[in-house]
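Comments concern the structure below.
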Amino acid sequence: MIAANKPPQDTFKQRHHVAAFTVLEQFTQGLIHYARNHGGSISEEQIIKAIDGIREKEDLFDAAWAVLESDLEAIKAREHAAVRHDPFGRLLVSRFDHLLEGNAAGSIEDGALSREILQPFFKVIRMMVGMDVLQEIDREIHEIIEAHAEDEDELRNPAEYWDHLAKEPAVKLRINLVFARMALHFREYERRKKWLLQLVNDNLPSGEVHWSFTEAHCVRLLDALFSDVREILTVPQHSAELVAKMGSEDVATLREVMKSIDADVAAHANS
C-alpha cells in the first residue's frame, strides 16, 4: 500500500500526506487493473479511461476529503475565532494588543492598528511558523491549562485570567519560541518587511471603512511582536537557553534582526 510507506502521525503535514497518497493509491490501483487486462502495458488512452473510472467513484475519496475538510475548518476557525475565547490566539495577540484601536493607541485616526489586521496576522503566523508547530504549542498550552484544574486556580479560566496565563513560565516559553521562529524570517529585513506589508494589505477583510497597513504600522508591530525575544537576548542566561533550543547560528541571526528593527524604529521616530 502506498500510504503505508509513511506511518500515519497526528500532524497537519502527515495527515495531508496520507490523504494525498490515499487518492494517488486509488489511481495507481486503477492503472494496475487496466495494465493486467492489457498484457502488462497501458496506453495514454487507457490511462485517461482509468482516471474517468476513478472519478466516478466519489466514495473512494470521502475519507481523504474528510481529513482535508477538517483541517480547512480548523484554519477558518483560527482566522475568525473571537480572540477572547481562544487562549493561544489571545497570547499571540497580547504582544501587540496595545497597538490596536480602542486600546492605549487610541483610534485609527491616531495611528492605531485596525482590528481587521487579526485575520491576516494569523495567516502570517501560519506561513512563517508552520501549522505543525502551532498545533503542537496549542495542544501544550491547553494541557497546561487543564493541569491547573482547581476551581481556585487563576489559570483555570484563561478567558478571564489570560494575563495570569501569559505570565506562566511554561506558557511564556512556548510563545517566545513562536516569535523567535517568526523573527528568523526577517534575516533579509527590508525584503521581508515589504513582503509583510503586501501580504497583510492583500488579506485585509473588506469593510465599510478602508484601512491600510502602512510601513509605520509595520515597524511598530514588529517592534512589539519581538520585544520579549529582544529582552531574552540581553540576558546571558536566557540567551544561552535560547541557543540550546535553536542553535548559535539562529540566535546570531536573531540579534541581527533585532538590530535592524531597532534601527528602523529610530528612523521612523526621527522622520
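This one's a predicted model, so the numbers in the text were calculated from it and none came from an experiment.
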**Study point:** Pairing residues for Ser212 by the side-chain hydrogen bond (donor to acceptor under 3.5 Å, both in side chains) criterion, not counting sequence neighbours
**Key:** His210
Check your understanding: Under the side-chain hydrogen bond (donor to acceptor under 3.5 Å, both in side chains) test, which residues partner Glu109, sequence neighbours left out?
Key -> Ser107
Check your understanding: With sequence neighbours left out, what residues match Ser248 under side-chain hydrogen bond (donor to acceptor under 3.5 Å, both in side chains)?
Key -> none
Exercise for review: Name all residues meeting the side-chain contact (heavy atoms from CB on, under 4.5 Å) criterion together with Glu241; count only those two or more places apart in sequence or in a different chain, and write none if there are none.
Suggested key: Gln237, His238
Exercise for review: Could you list the residues that satisfy salt bridge (charged side-chain N to carboxylate O under 4.0 Å, His left out) with Lys194, not counting sequence neighbours?
Suggested key: none
Exercise for review: Could I get the full list of side-chain hydrogen bond (donor to acceptor under 3.5 Å, both in side chains) partners for Arg255, not counting sequence neighbours?
Suggested key: none
Exercise for review: Using ring pair (Phe, Tyr, Trp, His ring centres under 6.0 Å) as the criterion, list what pairs up with Phe121, not counting sequence neighbours.
Suggested key: Phe96
Review point. Considering residues at least two apart in sequence or located in another chain, which fulfil the salt bridge (charged side-chain N to carboxylate O under 4.0 Å, His left out) criterion with Arg230?
Key: Asp223, Asp262
**Study point:** salt bridge (charged side-chain N to carboxylate O under 4.0 Å, His left out) pairs, two or more places apart, involving residues 178-190
**Key:** Glu188-Arg191, Glu190-Lys193
Point to revise | Pairing residues for Asp250 by the salt bridge (charged side-chain N to carboxylate O under 4.0 Å, His left out) criterion, not counting sequence neighbours | key: none
Point to revise | Qualifying residues under salt bridge (charged side-chain N to carboxylate O under 4.0 Å, His left out), relative to Glu140, sequence neighbours excluded | key: Arg174
Check your understanding: Taking only residues two or more places apart in sequence or in another chain, which ones pass ring pair (Phe, Tyr, Trp, His ring centres under 6.0 Å) with His185?
Key -> none
